[in-house]
Amino acid sequence: MRVFYSTLQKKHRITEELYYGKVTAYGDSIERVSNITKSLKKEKIFDFVKPELCPYEAILAVHDKNYLQFLEMTQSLKAKEFVAPYVFPYDARLQKQNPIMPYRAGHFTFDSGAPIMKHTWEAACASASNSYASAQYLERTGEASYALCRPPGHHATANMYGGYCYLNNAAIAAKHLTQYGKVMIIDFDYHHGNGSQSIFYDSSDVFYLSLHAHPLVEFPFYSGFLEEHGIDEGFNYNLNVPLMPKTSSKEYFKNFEKSLNFALKVMDPDYIVVSAGFDIQSKDPLGHFNMLEKDFYKLGKMLKTLNKKMMFVQEGGYLLKSLGKNVESFLKGYMM
Ligand code: SP5
Ligand code: ZN
C-alpha cells in the first residue's frame, strides 16, 4: 500500500499547550510520525511516497481565503515565537475589523491548545498534500492508500483551527472527490470531527459519519451530539454516534456496524474517506476507549468488506508505545 508522507511535516514543532489554564506538554509531538513511519517501514508491503505540494485551489475549496491569509502570514514569526491567543471575539460584528494580525488570532480559533509557530503553515500544507495525493491516486487508480497526515485535520473548520488541526486534510480529499462522485467520511477518531461536520453540514455531496466520545464529557464539547443531523440539502447526511468513555470494543463494533448500515442506506458512496484516529486505542493519554491491536485489524477488515474505493487519513493517536503497531495492524487488516 502507498503511504503519502513528507518530512516537512516535522517542521511544525510545538512543545507546550494551554490546558485548563495550565501549561502541559503538546499532544501532537513529532515523535508520533516517527513512530508510525518506523513501524510501517519495517514492512515491505508499504511504499513511501513524498507527494507534490497540493494546489492552493484545493485548500481554498474547503477553507476561507482570509483564514488562509492569516495562516500564511504567521510564516513571518521569529524562530521562537508562537501565536496563542487569549482573547476571543464575543460579538460577530466586532470580528470584521482587520482580523489578520497575531493578537486577533482569537478570530480564527476555538481552542487555546493549538499554538502556531513559524513553520506551522508549511507543515500543514505538507500534511494536506498527503490526503490530496491519496484522493487523486484513488480517483485515478481505484487503489487505497494511507495519508500519514500530521498535523491532523478533522477539528479544523472552514475558518478556524483547533485541536492540533489547521487544515482539514480529510475534507480537502473529500471535496476533491466530490467532482467524481458521492463521498462518505467515516471518522473513528476518539474526538468528534467538528471541522469535517461543519464543512459539509449543508451538503448532500458528502455524508459525515462519526463515532466518538460524548461531547458532554470530552473535547470538542460544543459539537458531536446525536441531534446534529445536517441542514438544508445536508439534512440526514450527518450522523453522530456519541459513546461514553470506557465503551468496550464489543460495544464499539456494534455501534460501528449499526451506524454504518444506516448511513449506507442514506447514501451509496462512490468514495470513502476514513478519518483514522488511533486515540481510541486502549490507554491512550487523550482517550478512554479500549481498542487493542487485534481490534484495529478487525476494523480494517470490516472496512474492506464494504468493497468501496477507500482512502485513509491519519488523525489522532497519542500513545507512542502502541500507535505505530496499531496503524500497521489496521492497514494490514484492510489489505489482507
Ligand atoms: C486530532 C485530535 O485528536 N485532537 C485532540 C485535541 C484534544 N485537545 C485537548 C487535549 C488536552 C490534552 N492535554 C492534557 C493531558 C492530560 N492528561
Ligand atoms: Zn482525537
Donor-acceptor pair between Asp295 and Ser249 side chains, under 3.5 angstrom
yes
Side-chain touch His107/Pro85, heavy atoms, less than 4.5 angstrom
no
Would Phe256 and Ile186 count as a side-chain contact (heavy atoms from CB on, under 4.5 Å) here? Give the steps.
CA-CA 10 Å; Phe256 209 118; Ile186 301 175; 3.7 Å; yes
Assess whether side-chain contact (heavy atoms from CB on, under 4.5 Å) is satisfied between His119 and His12, documenting all intermediate values.
CA-CA 5 Å; His119 302 296; His12 170 66; 5.7 Å; no
May I ask you to decide if Ala79's main-chain N or O and Lys118's side chain share a donor-acceptor pair within less than 3.5 Å?
no
In this structure, are over 12 heavy atoms from other groups packed under 6.0 Å from Tyr56 atom OH?
yes
Is it the case that over 12 heavy atoms from other parts of the model lie below 6.0 angstrom from the CD atom of Glu81?
yes
Enter the distance from Ser29:OG to Arg150:CZ here, rounded to the nearest 0.5 Å.
7.0 Å
Could you tell me whether the side chain of Ser131 and the main chain of Ala147 form a donor-acceptor pair under 3.5 Å?
no
For a quick check under 3.5 Å, do Ser204 and Lys182 share a side-chain donor-acceptor pair by atom type?
no
For the residue pair Ala128 and Ile172, what are the closest heavy atoms and their distance?
CB-CD1, 3.9 Å
Looking only at the side chains, is there a donor atom on one of His154 and Asp187 sitting less than 3.5 Å from an acceptor on the other?
yes
Taking the side chain as every heavy atom from C-beta outward, state whether Phe110 and Met160 have any pair of such atoms under 4.5 Å apart.
yes
Atom of Phe312, atom of Met1 and distance for their closest heavy-atom approach
CE1-CE, 4.1 Å
With a cut-off of 6.0 Å (strictly less than), are more than 12 heavy atoms of other residues, nucleotides or ligands near CD of Glu72?
yes
Looking at Thr157, is its backbone amide N or carbonyl O close enough to the side chain of His63 to form a donor-acceptor pair, meaning the two atoms are under 3.5 Å apart?
yes
Has the side chain of Asp284 got a donor or acceptor atom that lies under 3.5 Å from a matching backbone atom of Leu286?
yes
Does any N or O in the side chain of Ser282 come within less than 3.5 Å of the main-chain N or O of Leu292, such that one atom is a donor and the other an acceptor?
no
Verify the distance criterion only: is there a donor paired with an acceptor across the side chains of Glu228 and Asn238 at less than 3.5 Å?
no
Is the NZ or CZ atom of Lys298 both under 6.0 Å from the centre of the six-membered ring of Phe253 and within 45° of that ring's axis?
yes
For the CG atom of Leu264 and the CG atom of Leu209, what is their distance to the nearest 0.5 Å?
8.5 Å
As an exercise, state the distance from CZ of Phe70 to OH of Tyr166, rounded to the nearest 0.5 Å.
10.0 Å
Look at the side chain of Asp111 and the backbone N and O of Gly163, then say whether any donor-acceptor pair between them is shorter than 3.5 Å.
yes
Could you check whether any side-chain heavy atom of His155 comes within less than 4.5 Å of a side-chain heavy atom of Tyr164, counting everything from C-beta outward?
no
Does one hydrophobic cluster hold both Tyr222 and Phe108, with members joined at side-chain heavy-atom distances below 4.5 Å?
no
Taking all non-hydrogen atoms of both residues, which atom of Pro151 and which atom of Ala123 are closest, and how far apart?
CD-O, 3.9 Å
Taking everything shown except Asn261 itself, do over 12 heavy atoms lie less than 6.0 Å from its CG?
yes
What distance do Glu139 atom CD and Tyr180 atom OH have between them, rounded to the nearest 0.5 Å?
4.5 Å
Ile45 with Val327, same ILVMFWY side-chain cluster at under 4.5 Å
yes
Is the closest side-chain donor-acceptor distance between Ser196 and Asn168 under 3.5 Å?
yes
Gly195 backbone acceptor or donor facing Ser198 side chain under 3.5 Å:
yes
Between Glu315 and Ser275, does any side-chain donor sit less than 3.5 Å from a side-chain acceptor?
yes
Say whether, by atom type as modelled, one donor and one acceptor occur between the side chain of Asn35 and the main chain of Glu31 under 3.5 angstrom.
no
Could you walk me through whether Glu143 and Leu138 satisfy the side-chain contact (heavy atoms from CB on, under 4.5 Å) test, starting with their C-alpha distance in whole Å, then the side-chain angles of each, then the deciding distance to 0.1 Å, before giving a yes or no?
CA-CA 5 Å; Glu143 292 288 321; Leu138 183 62; 5.9 Å; no
Does a donor on one side chain and an acceptor on the other come within less than 3.5 Å for Asp189 and His212?
no
Are the side chains of Leu68 and Ile59 in contact, using a 4.5 Å heavy-atom criterion?
yes
Centroid separation under 6.0 Å, is that true for the rings of Phe219 and Tyr190?
no
Going by heavy atoms in the side chains, are Glu218 and His288 under 4.5 Å from each other?
yes
When the aromatic ring centroids of Phe330 and Phe278 are compared, is their separation below 6.0 Å?
yes
Has Arg2 got its NZ or CZ under 6.0 Å from the middle of the six-membered ring of Tyr146, at an angle within 45 degrees of the ring axis?
no
Pairwise side-chain contact, Phe46 with Lys41, heavy-atom cut-off 4.5 Å (strictly under)
no
Which heavy atom in Ser210 sits nearest to a heavy atom in Gly193, and how many Å separate them?
OG-N, 4.3 Å
Nearest 0.5 Å, what's the CZ-OG1 distance between Phe48 and Thr37?
5.5 Å
Which atom of Val241 lies closest to which atom of Ser259, heavy atoms considered
CG2-CB, 3.6 Å
Among Lys332, Lys325, Lys38, which residue satisfies the salt bridge (charged side-chain N to carboxylate O under 4.0 Å, His left out) criterion with Glu43?
Lys332
Supply the atom-to-atom distance Ser134 OG to Gln314 CD, rounded to the nearest 0.5 angstrom.
12.0 Å
Is the side chain of Thr178 donor-acceptor paired with the backbone N or O of Asp205 at a distance under 3.5 Å, no angle test?
no
Lys308 bridged to Asp268 by N-O distance under 4.0 Å
yes
Does the side chain of His192 come under 3.5 Å of the side chain of Gln197 through a donor N or O and an acceptor N or O?
yes
Can you tell me if Asn130 and Gln9 form a side-chain donor-acceptor pair at under 3.5 Å?
yes
Quick check: do Leu167 and Tyr161 have side-chain heavy atoms less than 4.5 Å from each other?
no
Please tell me if the side chains of Tyr5 and Thr7 come closer than 4.5 Å, counting only heavy atoms from C-beta onward.
yes
Does Thr247 use its side chain to pair, donor to acceptor, with the backbone of Leu243 at less than 3.5 Å?
no
Hydrophobic cluster membership, Tyr208 vs Leu226, 4.5 Å side-chain cutoff:
no
Which heavy atom of Met311 sits nearest a heavy atom of Ala173, and at what distance?
CE-CB, 3.6 Å
Stepwise side-chain contact (heavy atoms from CB on, under 4.5 Å) check, Phe4 with Tyr137:
CA-CA 10 Å; Phe4 290 103; Tyr137 183 65; 4.2 Å; yes
For residues Leu319 and Tyr252: do they belong to one hydrophobic cluster (side chain heavy atoms under 4.5 Å, members Ile, Leu, Val, Met, Phe, Trp, Tyr)?
no
Do the side chains of Tyr271 and Val274 join up, straight or via other hydrophobic residues, at under 4.5 Å, putting them in one cluster?
no
